[in-house]
Amino acid sequence: MNIAQFSQARYTTKAFDPAKTIPDATLAEMRTLLRNSPSSVNSQPWHFVIAGTAEGKARVAKATETGFAYNTAKILNASHVIVFCARTGIDESHLAKVLASEEQDGRFATPEAKAAQNTSRSFYVNLHRYDQKDAQHWIEKQVYLALGTAMLGAATLEIDACPMEGFDARILDEELGLRSQGLTSVALLALGYRSANDFNAKLPKSRLPVESVLTEI
């Protein structure tokens, strides 16, 4: 299939087969997809926690037990669950780390190119930090770019997936010790293989007509 066909075939899996596990080689490809996700000015303001053991998934599921119990089985029965975390701020230390990584990877032909990249990234970070005062919202937008990358990537790897916002971030942040690391949980993505009892697999895909969502000028 081409990429458009994968986008047509993918759907939100509502029930996973607990007996099926994602192979290590396929999971390695998912890790690569996460690492290569795009972000504004290459800010990479995220961290991904992958729960692949029964104990790990149970820890994540704690955040659904009160108020979001409909998601508990999805987490426990999935092969793996990714916790998408946003940084609670982009400080100078993080900016320096990103710049050093870019330099090591050979992105700067001259010292001036390095300085220009640093200036550009700092401009946007400070724009959201001080002027628009929406830094956390902006950071979380970048995390959702990674979520979208992971969802479509999973489809191309023939992995079923279920994105979830239905969980208590305060409970999960505490369970995983995220806030002490300058992180907060934003979304979950359960990965695995559909159960024969997954009702959603049998339903036709539904989207608004193309003319109502797309304009060409």
Side-chain angles (χ1 to χ4, degrees), residues 1 3 5-37 46-86 140 143-179 181 183-207:
M1 288 193 291
I3 197 70
Q5 289 173 314
F6 280 114
S7 73
Q8 178 67 30
R10 67 146 301 278
Y11 77 104
T12 297
T13 302
K14 299 296 186 179
F16 290 93
D17 185 340
K20 295 182 179 179
T21 302
I22 299 171
D24 290 342
T26 306
L27 190 62
E29 293 190 68
M30 283 300 304
R31 294 191 190 98
T32 299
L33 283 168
L34 290 170
R35 182 169 178 260
N36 288 336
S37 297
W46 48 46
H47 189 81
F48 311 107
V49 178
I50 302 178
T53 65
E55 179 186 8
K57 289 181 288 184
R59 293 180 65 188
V60 175
K62 287 181 182 180
T64 65
E65 291 170 355
T66 302
F68 307 97
Y70 50 85
N71 281 331
T72 304
K74 297 170 192 170
I75 294 170
L76 297 178
N77 291 334
S79 172
H80 291 74
V81 179
I82 304 173
V83 181
F84 286 75
C85 306
E140 291 183 5
V143 177
Y144 274 87
L145 289 177
L147 177 61
T149 297
M151 289 171 62
L152 186 55
T156 68
L157 294 171
E158 299 184 330
I159 300 172
D160 293 316
C162 178
M164 289 172 276
E165 292 179 313
F167 67 97
D168 191 320
R170 291 173 298 177
I171 292 174
L172 190 55
D173 287 2
E174 182 177 355
E175 176 65 29
L176 300 181
L178 296 177
R179 294 188 183 184
Q181 302 175 62
L183 302 167
T184 183
S185 53
V186 174
L188 307 176
L189 184 64
L191 299 171
Y193 301 99
R194 69 192 71 173
S195 165
N197 298 321
D198 182 11
F199 73 91
N200 210 27
K202 302 175 179 66
L203 299 179
K205 198 177 191 74
S206 178
R207 293 293 187 273

Going through the checks in order, is the side-chain contact (heavy atoms from CB on, under 4.5 Å) test met by Ile22 and Met30?
-> CA-CA 10 Å; Ile22 299 171; Met30 283 300 304; 5.9 Å; no
Got Leu33 and Leu157 here, is their nearest side-chain heavy-atom distance under 4.5 Å?
-> yes
Got Ile82 and Leu34 here, is their nearest side-chain heavy-atom distance under 4.5 Å?
-> yes
Arg59 side chain to Glu175 main-chain N or O, any donor-acceptor pair under 3.5 Å?
-> yes
Please report the closest heavy-atom contact between Gln181 and Gly177, naming both atoms and the distance.
-> NE2-O, 3.0 Å
Heavy-atom closest pair, residues Thr21 and His80 = CG2-CE1, 4.3 Å
Taking the side chain as every heavy atom from C-beta outward, state whether Ile171 and Phe68 have any atom pair closer than 4.5 Å.
-> no
To the nearest 0.5 angstrom, please state how far the CE atom of Met151 sits from the CG atom of Leu147.
-> 5.5 Å
How close do Thr184 and Leu178 get, heavy atom to heavy atom, and via which atoms?
-> C-CD1, 4.4 Å
Taking atom OG of Ser79 and atom NZ of Lys57, what is their separation to the nearest 0.5 Å?
-> 6.0 Å
Just wondering, more than 12 heavy atoms not from Gln5 lying within 6.0 Å of its CD?
-> yes
Do Phe199 and Asn197 have side chains that get closer than 4.5 Å, going by heavy atoms?
-> no
Scan for side chain to side chain donor-acceptor pair (under 3.5 Å) pairs involving residues 147-163, sequence neighbours excluded, and state none if there are none.
-> Asp160-Arg194
Look only at the side chain of Ser195 and the backbone of Ala15, and say whether a donor-acceptor pair between them is shorter than 3.5 Å.
-> no
Checking side-chain contact (heavy atoms from CB on, under 4.5 Å) for the pair Ile75/Met164: CA distance, chi angles, key distance, verdict?
-> CA-CA 10 Å; Ile75 294 170; Met164 289 172 276; 3.9 Å; yes
Counting heavy atoms not belonging to Asp24, are there more than 12 under 6.0 Å from its CG?
-> no
NE2 (His47) and CG (Leu176) are apart, to the nearest 0.5 Å, by 9.5 Å
Give a yes or no on whether the backbone of Lys14 and the side-chain of Asn200 come within a donor-acceptor separation of less than 3.5 Å.
-> no
Taking all non-hydrogen atoms of both residues, which atom of Leu191 and which atom of Ala161 are closest, and how far apart?
-> CD2-CB, 3.6 Å
Please name the pair of heavy atoms, one in Leu76 and one in Ala61, separated by the smallest distance, quoted to 0.1 Å.
-> CD2-CB, 3.8 Å
In chain order, what residues pass the ring pair (Phe, Tyr, Trp, His ring centres under 6.0 Å) check against Phe48, with sequence neighbours excluded?
-> Trp46, Phe84
Are Leu188 and Leu172 side-chain neighbours, meaning at least one heavy-atom pair lies under 4.5 Å?
-> yes
Could you tell me whether a side-chain N or O of Asp173 sits under 3.5 Å from a main-chain N or O of Arg179, the two making a donor and an acceptor?
-> no
What are the two closest heavy atoms between Ala190 and Lys74, and how far apart are they?
-> CB-O, 4.1 Å
